[in-house]
Amino acid sequence: MARARAVEDAVSSNQFAFDLGGPQPAPATDILYFALLPDEPAATQALAIAERDFADQAADGFIYRPDRLHVSVDKRWQGRGMPDFAVADALRQGARIDVPPVEIRLDRLVSNGNGRDRPRALTTRDAAPGFSALVRQIGALKRPLAAIPHMTLYRNDRVAPEIRVSEPVSWVARKLVLIHARKGMGSAKILARWPLLPAR
């Protein structure tokens with residue numbers, strides 16, 4: 001349905017009708033994923049680190065907006081359009097989550113990706129027990145898991161050196177969110193939130 005609307009919008013554009021053969025923007029990719037969001041102090045601190053590092057690395061890209069900062073937990077769908085079954089399945093899984101609030105502590109800057117797409121992220125070298133438990137439960141995994149959180153700060157076109165952050169970015173995540181992002185459009189929407197409650 002989303003794909004049909006996108007095609008309809010493109011055809012109805014006068015600019016499209018008189019296109020002289022120039023390259024068209026790549027179609028958006030829909031991504032559905034669970035995530036943890038930083039609180040306001042952590043987001044402010046993370047963006048200050050991003051701005052300094054962006055300048056130090058003479059980066060050629062863009063820094064994420066505060067509302068785009070997140071720690072990914074589990075990707076549920078990626079493709080053209082967002083099928084109802086993927087959303088319904090994710091909503092069911094999110095409603096089953098039963099883990100306490102998760103402590104996040106990020107103390108290193110690293111480059112990920114490949115080619116000319118090298119996102120710069122805050123991360124840590126050590127697996128986080130609470131985060132690992134959440135990832136394991138959301139993925140319905142039976143085996144032990146050691147998961148390391150990371151939070152992308154900006155996009156860059158080349159690798160930058162690993163740097164230890166003098167003051168780690170840390171917070172306690174008390175909610176799990178389900179996000180529908182459109183890669184290539186720069187948009188993201190929170191579809192649902194679930195509280196992470198301490199054990200009784």
Side-chain angles (χ1 to χ4, degrees), residues 31-76 94 97 99-114 117-139 145-183 186-199:
I31 306 173
L32 184 69
Y33 60 93
F34 289 107
L36 301 175
L37 305 182
D39 59 20
E40 187 174 348
T44 299
Q45 182 186 358
L47 286 176
I49 291 171
E51 289 169 1
R52 287 195 301 271
D53 190 64
F54 192 89
D56 289 346
Q57 304 303 329
D60 183 14
F62 62 91
I63 297 174
Y64 278 23
R65 302 189 309 266
D67 62 329
R68 294 293 306 279
L69 295 177
H70 67 273
V71 171
S72 296
V73 176
D74 186 53
K75 183 163 64 178
R76 309 300 289 189
I97 290 303
V99 297
V102 175
E103 182 178 359
I104 299 292
R105 186 178 185 276
L106 308 172
D107 60 4
R108 293 179 184 277
L109 276 168
V110 300
S111 292
N112 297 316
N114 52 63
D117 182 22
R118 297 286 186 169
R120 190 73 158 154
L122 273 170
T123 187
T124 183
R125 283 186 175 175
D126 302 318
F131 182 69
S132 297
L134 177 60
V135 172
R136 187 169 179 264
Q137 191 175 112
I138 204 74
L145 178 73
I148 297 176
H150 76 275
M151 180 166 66
T152 299
L153 300 180
Y154 67 84
R155 314 297 293 195
N156 197 9
D157 65 350
R158 59 189 178 277
V159 176
E162 179 176 325
I163 296 174
R164 186 181 181 92
V165 177
S166 58
E167 294 185 17
V169 175
S170 62
W171 75 96
V172 176
R174 303 185 185 279
K175 289 183 180 179
L176 175 71
V177 300
L178 179 65
I179 297 175
H180 173 202
R182 304 204 74 205
K183 186 177 181 180
S187 65
K189 179 181 179 181
I190 295 177
L191 301 184
R193 302 173 190 258
W194 298 273
L196 301 178
L197 302 175

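Sequence positions, counted from 1, serve as the residue numbers for this chain. Here the structure is a predicted model, which is why all the values come from computation and not from measurement.
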Worksheet item: Hey, are the side chains of L153 and I63 touching, using non-hydrogen atoms and a 4.5 Å cut-off?
Response: no
Item to complete: Rounded to the nearest 0.5 Å, what's the gap from OH on Y154 to CG on L47? Could you check?
Response: 12.5 Å
Quiz: residues 125-137 side-chain donor-acceptor pairs under 3.5 angstrom, not counting sequence neighbours:
unit_1 : atom_1 : unit_2 : atom_2 : d
R125   : NE     : E162   : OE2    : 3.4
R125   : NH2    : E162   : OE2    : 3.3
S132   : OG     : A128   : O      : 2.8
S132   : OG     : A147   : N      : 2.8
S132   : OG     : A147   : O      : 3.4
R136   : NE     : R143   : O      : 2.7
R136   : NH2    : K142   : O      : 2.6
Q137   : OE1    : D98    : N      : 2.5

Worksheet item: Which pairs with one or both residues in residues 59-68 pass side chain to side chain donor-acceptor pair (under 3.5 Å), sequence neighbours excluded?
Response: Y64-R155, R65-D67
Discussion item. Please give me the minimum heavy-atom distance between A121 and H150, naming the atom from each residue.
Written reply: CB-CD2, 4.1 Å
Response to the item:
dist E51:CD -> D53:CG (nearest 0.5 Å) comes out at 11.0 Å
Discussion item. Given 3.5 Å as the limit, does a donor-acceptor pair link the side chain of R158 with the main chain of Q57, or not?
Written reply: yes
Under 3.5 Å, side-chain donor or acceptor atoms of residues 167-179 against the rest of the protein: list the pairs with distances, not counting sequence neighbours.
unit_1 : atom_1 : unit_2 : atom_2 : d
W171   : NE1    : L37    : O      : 3.1

Discussion item. How long is the straight-line distance from CG of L69 back to CE of M151, given to the nearest 0.5 Å?
Written reply: 5.5 Å
Worksheet entry | Check: D117 and N156 side chains under 4.5 Å, non-hydrogen atoms | no
Item to complete: Kindly indicate whether the side chain of R120, heavy atoms from C-beta on, has any atom under 4.5 Å from the side chain of T152.
Response: no
Discussion item. Are the side chains of T124 and P149 in contact, using a 4.5 Å heavy-atom criterion?
Written reply: yes
Discussion item. Would you say that I31 contacts K75 through its side chain, given a criterion of any heavy-atom pair below 4.5 Å between the two side chains?
Written reply: yes
Discussion item. Would you compute the distance between atom CD1 of I49 and atom CZ of F54 and round it to the nearest 0.5 angstrom?
Written reply: 15.5 Å
Practice prompt. Classify the ring geometry between H70 and Y33 as parallel (under 30°), tilted (30 to 60°) or perpendicular (over 60°).
Written response: tilted
Discussion item. Taking the side chain as everything from C-beta on, heavy atoms only, tell me whether L122 gets closer than 4.5 Å to R108.
Written reply: no
Item to complete: Hey, could you give me the CG/CZ distance between D107 and R164, rounded to the nearest 0.5 Å?
Response: 5.0 Å
Worksheet item: Side chains of P198 and P101: closer than 4.5 Å at any heavy-atom pair?
Response: yes
